[in-house]
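Notes to accompany the following structure.
In the text below, chain A, chain B and the rest are named by the order of the sequence lines, each starting its count at 1. In this text, all values refer to a predicted model and were calculated from it rather than measured experimentally.
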Number of protein chains: 2
Amino acid sequence: MALEHAILVSLLEKPGSGYELARRFERSIGYFWTATHQQIYRVLGRMENDGLLAVRTVPQQGRPDKKEYSAADPGRAALAQWLHEPIEPESLRHDLAVKIRGAAFDDPASLIREVERHQQAHRDRLARYLAGELRDFTGPDAPAPLDAGQELQHVVLRGGIAQERMTIAWLDDVLATLHRLGRPAPPAADRA
Amino acid sequence: MALEHAILVSLLEKPGSGYELARRFERSIGYFWTATHQQIYRVLGRMENDGLLAVRTVPQQGRPDKKEYSAADPGRAALAQWLHEPIEPESLRHDLAVKIRGAAFDDPASLIREVERHQQAHRDRLARYLAGELRDFTGPDAPAPLDAGQELQHVVLRGGIAQERMTIAWLDDVLATLHRLGRPAPPAADRA
DNA sequence: TCCTGCTATGCAACTCGTTGCATAGACAAG
DNA sequence: CTTGTCTATGCAACGAGTTGCATAGCAGGA
């Protein structure tokens with residue numbers, strides 16, 4: 001149920017509507033959590049119902065009203081409690097790794113393009129992260145002494161950057177392996 | 001729906017019962033996918049029903065019968081089809097990162113022990129991966145020329161090893177940041 | 001002897017996350 | 001003038017994953 005907590009953190013950093021939250025989840029929060037607007041709206045509704053959030057309807061000219069949420073005291077308390085509970089280290093779900101091992105029962109070479117596509121997606125993500133780092137933390141327009149919240153945002157972003165660099169390097173390793181298997185004996189692993 | 005595919009890959013590598021699969025998912029498959037026995041039994045039942053798997057009841061002395069599953073031809077075909085479809089690069093769910101950013105609204109120093117605990121869990125996982133690599137791929141008891149399937153298993157394992165090493169290093173960075181924030185101004189970020 | 005743990009399977013209820021669809025006004029491009 | 005895009009919200013149905021519980025025989029230690 002960490003989506004609730006991710007929302008609380010984001011609303012404490014800055015109040016906003018469901019729509020704005022959804023866009024944050026495509027950007028900075030997206031370094032470590034993803035969610036669609038449907039999930040966000042549903043959870044926001046429940047959290048409001050449970051008294052964790054305060055709502056304020058903001059009329060806007062030229063566009064629909066928006067409901068601006070902010071963390072209420074019980075929400076702050078719920079977050080604080082969760083922060084003090086131990087959590088389990090993450091379990092992984094890595095589709096591409098399933099494919100790589102599955103390639104032994106198909107044609108390893110046919111996976112090369114797919115792996116290259118993923119590597120490109122990770123390169124793009126890395127570029128976005130690095131641009132964000134420059135803009136918010138290390139560039140000339142960044143606030144000079146960062147406060148604690150910004151320091152913590154920065155260290156999380158450094159984690160995203162390290163993750164992408166590691167993945168790109170590993171996919172080089174995967175590609176080299178696939179090329180190597182493609183050369184010596186054409187369909188070597190298929191024992192149907 | 002990649003659990004189905006992970007099961008197909010595992011059963012192609014070696015047929016086995018639901019129970020055996022559950023244990024594999026705690027070990028080698030666990031490098032890139034996790035599943036509990038309940039999930040596995042439910043999906044095995046559905047896949048058998050769909051004709052993707054063949055079953056053989058194996059009587060055993062001194063313990064309950066087991067149902068040994070193996071991939072049937074339609075299962076192989078379903079896997080092959082999935083291997084040729086593009087998939088989206090993974091989206092992440094990183095609870096600890098939520099906590100780290102949330103620490104700005106609580107006490108950053110109180111997170112240190114939790115982060116250390118996670119780091120130790122990753123060190124343990126890395127040690128298991130390295131032991132498995134030595135046993136199956138690089139040690140004196142490993143098969144001399146690896147076949148394609150083993151090469152692919154090895155490159156996936158190398159990905160797990162790289163992941164753990166990267167995470168351990170990043171958590172050093174996180175710990176240094178938390179210590180730094182703990183020193184100068186005690187509860188610097190809390191603006192309640 | 002009792003308790004724990006291992007093999008081995010499974011149901012029921014629940015929460016979480018995804019996908020498809022619907023509404024509705026404003027604005028810009030063709 | 002129509003189509004598409006952006007803001008902004010939401011429902012319904014489904015699939016995936018979790019948690020708790022149940023059964024049942026055997027082995028080993030306190």
Side-chain angles (χ1 to χ4, degrees), chain A residues 1-7 15-27 29-30 32-50 53 55-69 78 82 87-95 98, chain B residues 1-8 15-27 29-30 32-50 52-53 55-69 78 82 87-95 98:
Chain A
M1 206 179 277
L3 177 55
E4 288 197 7
H5 303 115
I7 286 175
S17 69
Y19 191 83
E20 282 162 356
L21 279 171
R23 282 195 307 174
R24 288 186 214 170
F25 273 80
E26 285 170 4
R27 308 166 116 265
I29 313 282
F32 55 91
W33 206 269
T34 53
T36 61
H37 76 271
Q38 284 85 352
Q39 281 177 70
I40 291 167
Y41 280 121
R42 186 174 9 159
V43 172
L44 281 175
R46 189 180 61 212
M47 290 171 79
E48 184 195 343
N49 211 271
D50 295 348
L53 302 180
V55 201
R56 201 166 58 93
T57 301
V58 180
Q60 300 182 117
Q61 59 259 51
R63 38 183 81 170
D65 291 2
K66 70 174 179 183
K67 292 163 75 173
E68 192 184 76
Y69 290 92
W82 178 72
I87 52 172
E88 286 305 301
E90 278 78 37
S91 54
L92 350 113
R93 296 285 152 89
H94 206 317
D95 295 72
V98 179
Chain B
M1 207 178 275
L3 177 54
E4 288 197 6
H5 303 115
I7 286 175
L8 282 168
S17 70
Y19 191 82
E20 283 162 356
L21 280 171
R23 283 194 307 173
R24 287 185 214 171
F25 273 79
E26 286 170 4
R27 309 168 116 264
I29 313 284
F32 55 90
W33 206 268
T34 53
T36 61
H37 77 270
Q38 284 85 352
Q39 282 177 69
I40 291 167
Y41 281 121
R42 186 173 9 159
V43 173
L44 281 175
R46 189 181 61 213
M47 289 171 78
E48 184 195 341
N49 211 271
D50 295 347
L52 303 179
L53 302 180
V55 203
R56 200 167 58 92
T57 302
V58 179
Q60 301 182 116
Q61 59 259 53
R63 38 184 79 170
D65 290 2
K66 69 176 180 182
K67 292 164 77 173
E68 194 184 74
Y69 291 92
W82 178 72
I87 52 172
E88 286 305 301
E90 278 76 37
S91 55
L92 349 112
R93 297 285 152 88
H94 207 317
D95 294 73
V98 179

Practice task
Determine: side-chain N/O of Y19(A) to OP1/OP2 of dT7(D), distance under 4.0 Å, yes or no.
Solution key: yes
Exercise for the section: Please determine, for the side chain of K66(B), which listed nucleotide (dT9(C), dT7(D), dG10(D)) has the closest atom? Expected result: dT9(C)
Problem - N/O donor-acceptor pair under 3.5 Å between E68(A) side chain and V58(A) backbone - result: no
Problem - I40(A) CD1 to dT7(D) P, straight-line distance once rounded to whole Å - result: 14 Å
Practice task
Answer yes or no: is there a donor N or O on one side and an acceptor on the other, between the side chain of R93(A) and the main chain of F32(B), under 3.5 Å?
Solution key: no
Completion exercise
Taken to the nearest whole Å, CD/E68(A) to P/dT7(D) is 17 Å
Completion exercise
When rounded to whole Å, the CG to P distance for the pair L44(B) and dT9(C) reads 9 Å
Exercise for the section: Take the protein atom CD of E20(A) and the nucleotide atom C1' of dC6(D), then report the distance between them rounded to whole Å. Expected result: 14 Å
Handout entry: Nearest-angstrom distance from the residue atom CG of D65(B) to C1' of dG10(C)
Key = 15 Å
Completion exercise
Going 5' to 3' through nucleotides 13-21 of chain C and flagging B where a protein heavy-atom sits under 4.0 Å of the base, S where only the sugar-phosphate is that close, and - otherwise, we get --SSBBBBB
Practice task
Find out whether L3(B) and F25(B) are in side-chain contact, i.e. whether some heavy atom of one side chain is under 4.5 Å from a heavy atom of the other.
Solution key: yes
Handout entry: Phosphate contact (dG10(C) OP1 or OP2) by Y41(B) side-chain N/O below 4.0 Å
Key = no
Completion exercise
For L92(A) and G30(B) the tightest heavy-atom approach is CD1-O, 3.4 Å
Pair up each side-chain donor or acceptor in residues 41-48 of chain B with any protein partner under 3.5 Å, not counting sequence neighbours, and list the distances.
from: R46(B); atom 1: NE; to: E4(B); atom 2: OE2; distance (Å): 3.3
from: R46(B); atom 1: NH2; to: E4(B); atom 2: OE2; distance (Å): 2.8

Exercise for the section: Evaluate the side-chain proximity of L8(B) to L53(B): yes if any heavy-atom separation is below 4.5 Å, no if none is. Expected result: yes
Practice task
Rounded off to whole Å, could you give me the CZ-to-C1' distance for the F25(B) and dG17(D) pair?
Solution key: 13 Å
Problem - Whole angstrom value for the distance that separates P of dG17(D) from CG of L92(A) - result: 13 Å
Exercise for the section: Round to a whole Å and report the spacing from CZ of R23(A) to P of dA8(D). Expected result: 7 Å
Problem - Side-chain donor/acceptor of R56(A) to backbone N/O of K67(A), under 3.5 Å - result: no
